[in-house]
2 protein chains.
Amino acid sequence: MYYNYWFVFSKACEYGIKATIFIAINSYDGRRVSPKEISKEIDSPTAFTAKILQDLVRHHIIKSVKGAYGGFEIDKDTISKIKLAQIVNAIDGDQIYKGCGLGLQSCNEAHPCPVHDKFKLVRDDLKFMLEHTSLEELALNITSGASFLKI
Amino acid sequence: MYYNYWFVFSKACEYGIKATIFIAINSYDGRRVSPKEISKEIDSPTAFTAKILQDLVRHHIIKSVKGAYGGFEIDKDTISKIKLAQIVNAIDGDQIYKGCGLGLQSCNEAHPCPVHDKFKLVRDDLKFMLEHTSLEELALNITSGASFLKI
DNA sequence: AGTATTTCGGATATATATATCCTATTTATG
DNA sequence: CATAAATAGGATATATATATCCGAAATACT
Ligand code: FES
Ligand code: FES
């Protein structure tokens with residue numbers, strides 16, 4: 001059997017998205033959070049999550065404050081401006097938007113793979129969805145109890 | 001950096017889809033093909049492709065004939081009945097249709113993750129596409145020169 | 001200045017997917 | 001029956017993703 005255990009996003013990306021949401025929620029209250037708190041809340045391995053947080057800092061999606069009383073935070077103003085696509089891009093790259101569904105070297109209208117036309121529709125829908133979903137709405141859905149970060 | 005190099009389908013699944021299309025094309029001409037021919041035509045590692053072919057045989061998607069003058073084939077009658085979804089299911093399983101986009105234990109309307117509503121739409125589109133794309137049309141697009149299996 | 005706290009980042013370990021190799025088994029044909 | 005040709009399948013190797021560990025650097029507070 002050649003079953004895989006994943007779909008669309010890497011584990012790193014799943015953790016990154018959930019972590020960013022949790023940081024946003026806490027930033028609304030002016031509270032910084034640590035990798036330990038985050039990983040507990042999103043049910044992820046702490047050290048691995050910390051690596052991903054570093055990556056998100058480098059991509060200027062979240063901010064880190066070193067030292068005592070430090071932690072991770074997001075500028076309140078930017079929470080509504082950050083789109084899911086930016087987080088996914090920072091961690092998984094942009095092949096998700098551009099890559100060929102059947103692994104040809106590139107997805108090319110002029111040299112399409114057998115599923116190109118149909119695959120492109122779905123892929124573009126995914127792209128549109130990611131580009132139009134804001135961190136703000138994801139965070140608000142958690143605080144309102146409409147959605148959950150774990151289990 | 002935590003970039004991944006894949007998207008949606010595993011390599012095994014990509015090879016499986018392309019191999020099945022190539023087998024279908026040859027079965028229209030009553031010709032059996034070997035893993036060597038297949039892997040050359042779809043630009044994949046031969047031995048690995050052979051493993052996937054075995055898997056497809058076990059799932060009754062293709063037929064194998066052992067011994068001299070053997071090879072892989074598909075009943076002409078079934079080519080139009082086989083859907084892309086069956087191939088994907090055989091190799092990558094059904095998590096692609098059912099799994100949570102953010103890795104929660106299960107995708108559950110009553111306990112949704114932050115992206116559930118939006119993700120479900122895209123996932124269901126993908127499911128519909130796979131279930132309504134026949135092996136026949138994929139094969140015909142190759143023979144007509146409208147699409148390609150490699151490069 | 002000293003200390004506790006916290007992120008940063010390199011090195012390493014583990015799990016999984018991908019790929020290869022070699023032998024056994026099957027079968028058409030001479 | 002012998003031989004050649006072909007798939008089946010176990011064992012093994014490699015690449016990548018995931019996960020852990022530990023010391024270095026930065027910062028708030030005393
Ligand atoms: S060429 Fe394969 S998806 Fe476009
Ligand atoms: S719960 Fe996450 S996609 Fe449905």
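Chain letters run A, B, ... following the sequence lines, proteins first, then strands; residues in each count from 1. Remember, predicted model here, so these are calculated numbers, not experimental data.
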Trainee: Which parts of residues 19-43 of chain A get close to DNA chain C, meaning a heavy atom less than 4.0 angstrom away?
Mentor: A:Val33, A:Ser34, A:Pro35
Trainee: Using the side-chain heavy atoms of A:Tyr69, tell me which of these nucleotides is nearest: C:dT18, C:dT27, D:dA28.
Mentor: D:dA28
Trainee: Nearest 0.5 angstrom please: B:Ile17 CD1 to B:Phe9 CZ, how far?
Mentor: 5.0 Å
Trainee: B:Ser64 side chain N/O closer than 4.0 Å to the phosphate oxygens (OP1, OP2) of D:dA8?
Mentor: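 The answer is yes; a side-chain N or O of B:Ser64 sits under 4.0 Å from OP1 or OP2.
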Trainee: B:Leu53 CG to C:dT18 P: how many Å, rounded?
Mentor: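 For the pair B:Leu53 CG and C:dT18 P, the rounded distance is 16 Å.
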Trainee: Would you kindly give the CD1-to-P distance between B:Ile52 and C:dT20, to the nearest whole Å?
Mentor: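 Going from B:Ile52 (CD1) to C:dT20 (P), I get 11 Å.
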Trainee: Atom SG of A:Cys107 and atom CZ of A:Phe119: how far apart are they, to the nearest 0.5 Å?
Mentor: 8.0 Å
Trainee: For A:Asp92 and D:dT16, what is the distance between atoms CG and C1' respectively, to the nearest whole Å?
Mentor: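 In whole Å, D:dT16 C1' lies 13 Å from A:Asp92 CG.
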Trainee: A:Lys51 has a side chain; which of C:dG10, C:dT29, D:dT18 sits nearest to it?
Mentor: C:dG10
Trainee: Which one, C:dT29, D:dA19, C:dT20, comes nearest to the side chain of B:Phe48?
Mentor: C:dT20
Trainee: When the distance from CG of A:Asp55 to C1' of D:dT18 is rounded to whole Å, what number comes out?
Mentor: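 Interatomic distance, CG of A:Asp55 to C1' of D:dT18: 14 Å.
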Trainee: Can you tell me the distance, in whole Å, between the NZ atom of A:Lys11 and the C1' atom of D:dT20?
Mentor: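 The distance from NZ of A:Lys11 to C1' of D:dT20 comes to 17 Å, rounded to the nearest Å.
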Trainee: Which distance, rounded to the nearest 0.5 Å, do you find between the CD of B:Glu136 and the NZ of B:Lys81?
Mentor: 10.0 Å
Trainee: Respond yes when some side-chain nitrogen or oxygen of B:Tyr15 is under 4.0 Å from OP1 or OP2 of C:dA19, and no when none is.
Mentor: yes
Trainee: Let me know the distance between CD of B:Gln54 and P of D:dT7, rounded to the nearest Å.
Mentor: 10 Å
Trainee: Measure NZ/B:Lys63 against P/C:dT26 and give the value in whole Å, please.
Mentor: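 Going from B:Lys63 (NZ) to C:dT26 (P), I get 18 Å.
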Trainee: With nearest nucleotide decided by heavy atoms, which residue, B:Gly70 or A:Val65, maps closer to the 5′ end of DNA chain D?
Mentor: B:Gly70
Trainee: Toward the 5' end of DNA chain D, which comes first, A:Ala47 or A:Ala68, by nearest nucleotide?
Mentor: A:Ala47
Trainee: Give the rounded distance in Å between these two atoms: CZ of B:Phe72 and C1' of D:dA6.
Mentor: 9 Å
Trainee: We want to know whether B:Thr133 and A:Lys118 form a side-chain donor-acceptor pair, criterion being a heavy-atom distance below 3.5 angstrom.
Mentor: yes
Trainee: Is it true that A:Arg58 and A:Asp55 have a side-chain N and a carboxylate O under 4.0 angstrom from each other?
Mentor: yes
Trainee: Ring pair (Phe, Tyr, Trp, His ring centres under 6.0 Å) with B:Phe128: which residues, sequence neighbours excluded?
Mentor: B:His132
Trainee: If you measure from CD on A:Glu14 to SG on B:Cys113, what distance do you get to the nearest 0.5 Å?
Mentor: 9.0 Å
Trainee: With respect to the side chain of B:Lys66, which nucleotide from D:dA8, D:dA26, D:dA19 is positioned closest?
Mentor: D:dA8
